[in-house]
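Structure, as structure tokens:
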Amino acid sequence: MTDAIDTAEALPENPVPIAPETDLMSKFDGLIAERQALLDSGVTDPFAIVMEQVKSPTEAVIKGRDTILLGTYNYMGMTFDPDVIQAGKDALDQFGSGTNGSRMLNGTFRDHMEVEQALRDFYGTTGAIVFSTGYMANLGMISTLAGKGEYVVLDADSHASIYDGCKQGYAEIVRFRHNDIEDLDKRLGRLPKEPGKLVVLEGVYSMLGDVAPLKEMVAVAKKHNAMVLSDEAHSMGFYGPNGRGVYEAQGCEGDVDFIVGTFSKSVGTVGGFCVSNHPKFEAIRLACRPYIFTASLPPSVVATAAMSIRKLQHAHNKRAHLWENARQLHGGLTRLGFKLGTGHPDSAIVAVILDDQTQAVMMWQALLDSGVYVNMARPPATPAGTYLLRCSLCAEHTADQIATVLERFEAAGRAAHALS
């Protein structure tokens with residue numbers, strides 16, 4: 001085999017330009033053309049929004065205009081909490097800006113231990129492991145738990161991080177139809193009994209905001225002797241009596257083996273985690289590549305997360321107000337005649353379903369121009385053929401803000417011919 005030095009020395013001083021058919025970037029030509037056509041039509045790029053200033057959890061300046069934020073995952077509005085901000089400042093003063101290492105080496109500081117203890121207390125579990133992102137938490141847990149000759153069984157509409165966790169590992173992958181209890185039962189029943197099985201579920205699905213029938217699905221998984229991992233990223237903080245998620249609200253805490261979550265939503269910072277009561281859970285730290293080979297979170301980040309989680313334990317009024325906001329927005333959009341992703345306000349996500357990409361872009365632009373920011377979503381992030389505007393509510397939204405949003409949705413919907 002030729003080594004790198006020999007290869008470098010063999011290259012000509014003026015290399016021949018790469019032929020178009022061998023250019024690794026040529027596969028993106030379709031995406032580039034589609035984006036350029038969008039920009040040429042005069043529309044703002046929906047996937048390149050810049051927050052010029054953020055005034056609060058619900059307000060920002062975008063393109064020089066005061067804008068109501070209805071497209072963030074700041075469900076509990078913790079990003080501007082004074083205690084959370086102060087915790088981060090204190091950690092910066094005491095420990096500096098970074099760790100310069102992985103958790104396995106020099107990257108574990110006092111506040112990494114504190115945030116893991118805060119998670120144990122919040123979830124009532126014996127084990128907690130913090131990852132650098134929520135994506136890395138799913139990537140690490142799924143690829144590490146299920147090995148060669150074992151099975152991962154997942155919902156067809158699972159998040160990209162779950163699918164990527166499957167690709168990272170060596171287990172066999174089995175999909176079942178979205179939220180279909182019978183299909184899950186059927187597919188588990190077809191698998192050999194001896195190998196280990198991991199069923200991966202989500203409490204709230206991020207595109208439509210629909211909720212999984214976890215209680216029934218967990219029961220099916222246990223009938224087939226499978227372990228269960230539930231991703232509660234979009235339900236932590238406000239679902240269930242203690243804000244632990246859908247699995248708590250549906251009463252299946254004792255049967256879910258692993259809970260994955262993120263700090264980038266209700267907690268209001270960045271990071272991911274998994275909690276568990278399994279007696280061997282700590283062994284994950286010794287085998288999980290996305291944990292071992294990733295730089296650990298800066299001390300200021302985990303300090304803010306620890307403070308936020310401690311406060312979320314007692315955020316009962318915030319939880320109640322978030323649900324009031326969800327009912328107000330969902331009910332108002334329904335009365336206006338929009339097609340929504342769910343028949344009821346099932347979560348803090350309210351998805352407005354539109355006919356096609358042209359209509360979705362028109363309405364998204366009209367909302368932005370009127371001072372409302374939402375997320376536009378399209379395949380492959382959404383199910384095939386589905387184009388939507390995804391509204392993500394915050395506990396800090398006021399009733400007046402929601403009323404303003406509804407007025408602007410009505411105007412934008414008529415302009416884009418989304419309302420009759």
Side-chain angles (χ1 to χ4, degrees), residues 73 134-135 137-146 150-169 171-191 195-236 239 244-253 255-262 265 272 274 341-344 346-349 351 353 377-386 388 390:
Y73 291 138
Y135 176 93
N138 268 332
L139 196 72
M141 290 304 304
I142 294 168
S143 63
T144 305
L145 283 169
E150 297 173 325
Y151 292 88
V152 177
V153 183
L154 71 157
D155 189 293
D157 285 2
S158 290
H159 189 266
S161 62
I162 292 173
Y163 273 104
D164 289 354
C166 294
K167 293 177 184 176
Q168 178 86 3
E172 298 293 324
I173 309 304
V174 178
R175 298 191 302 173
F176 63 92
R177 287 192 295 272
H178 179 53
N179 276 351
D180 191 322
I181 301 164
E182 291 183 5
D183 196 41
L184 171 62
D185 190 18
K186 182 188 301 181
R187 292 179 187 275
L188 280 170
R190 291 172 178 168
L191 299 179
K197 305 171 190 68
L198 178 69
V199 174
V200 181
L201 306 168
E202 293 181 62
V204 173
Y205 286 85
S206 62
M207 282 298 129
L208 298 181
D210 53 329
V211 175
L214 283 183
K215 190 174 184 64
E216 293 82 0
M217 287 183 162
V218 170
V220 167
K222 293 304 172 181
K223 182 180 80 171
H224 293 281
N225 200 32
M227 301 187 83
V228 177
L229 182 150
S230 182
D231 182 336
E232 299 287 347
H234 289 276
S235 61
M236 179 201 180
Y239 238 106
R244 293 171 180 166
V246 172
Y247 83 111
E248 180 194 29
Q250 294 189 13
C252 45
E253 287 181 277
D255 294 315
V256 175
D257 300 282
F258 307 98
I259 299 296
V260 164
T262 180
K265 297 176 174 59
C274 183
T342 59
H344 303 280
D346 290 339
S347 70
I349 298 169
I353 312 296
R378 46 157 288 179
T382 60
T386 303
L388 57 86
R390 182 177 55 181

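In what follows, every heavy atom counts, from backbone to side chain, and hydrogens, waters and symmetry copies are set aside. Just so it is clear, the model here is predicted, and its values are computed rather than measured. All residue numbers in this chain count up from 1 along the given sequence.
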Residues 204-221 side chain polar contacts: donor-acceptor under 3.5 Å, at least two apart:
from, atom 1, to, atom 2, distance (Å)
Y205, OH, D155, OD2, 3.3
Y205, OH, E202, N, 3.4
D210, OD2, H178, NE2, 2.5

Would a 4.5 Å heavy-atom cut-off, applied to side chains only, mark [X] and [Y] as touching?
{"X": "L229", "Y": "L198", "value": "yes"}
{"X": "C166", "Y": "L154", "value": "yes"}
{"X": "V152", "Y": "E172", "value": "no"}
{"X": "L191", "Y": "V174", "value": "yes"}
{"X": "L184", "Y": "V199", "value": "yes"}

[atom1]-[atom2] distance between [X] and [Y], expressed to the nearest 0.5 angstrom:
{"X": "L139", "Y": "K167", "atom1": "CG", "atom2": "NZ", "result": "11.0 Å"}
{"X": "L145", "Y": "C274", "atom1": "CG", "atom2": "SG", "result": "7.0 Å"}
{"X": "D164", "Y": "S158", "atom1": "CG", "atom2": "OG", "result": "11.5 Å"}
{"X": "M236", "Y": "I259", "atom1": "CE", "atom2": "CD1", "result": "11.0 Å"}
{"X": "Y163", "Y": "I173", "atom1": "OH", "atom2": "CD1", "result": "9.5 Å"}
{"X": "I142", "Y": "Q168", "atom1": "CD1", "atom2": "CD", "result": "11.0 Å"}

Do other residues, nucleotides or ligands put more than 12 heavy atoms under 6.0 Å from the CZ atom of R175?
no
Quick one: list whatever passes ring pair (Phe, Tyr, Trp, His ring centres under 6.0 Å) with Y73, sequence neighbours left out.
Y75, H234
Polar side-chain atom of T382 near backbone of T386 as donor-acceptor pair, under 3.5 Å
yes
Is it true that a side-chain atom of S230 and a backbone atom of E232 form a donor plus acceptor pair closer than 3.5 Å?
no
Check: S161/H159 side-chain N/O donor and acceptor closer than 3.5 Å:
yes
Check K223 with D185, please: is the shortest side-chain N to carboxylate O separation under 4.0 Å?
yes
Give a yes or no on whether a salt bridge exists between E253 and R244, defined as a side-chain N under 4.0 angstrom from a carboxylate O.
yes
Of the non-hydrogen atoms in G169 and S143, which two are nearest, and what is the gap between them?
N-CB, 3.7 Å
Closest contact, heavy atoms only, G385 versus P379
N-CG, 3.7 Å
Does the pair K222 and D257 meet the rule for a side chain to side chain contact (heavy atoms under 4.5 Å, CB included), with working shown?
CA-CA 11 Å; K222 293 304 172 181; D257 300 282; 2.7 Å; yes
Stepwise, does the side chain to side chain contact (heavy atoms under 4.5 Å, CB included) test hold for D231 with I162?
CA-CA 9 Å; D231 182 336; I162 292 173; 4.3 Å; yes
Would you please test D255 and Y247 for side chain to side chain donor-acceptor pair (under 3.5 Å) and show each step?
CA-CA 9 Å; D255 294 315; Y247 83 111; over 6 Å; no
Take M141 and F258, measure what side chain to side chain contact (heavy atoms under 4.5 Å, CB included) needs, and give me the verdict at the end.
CA-CA 9 Å; M141 290 304 304; F258 307 98; 4.1 Å; yes
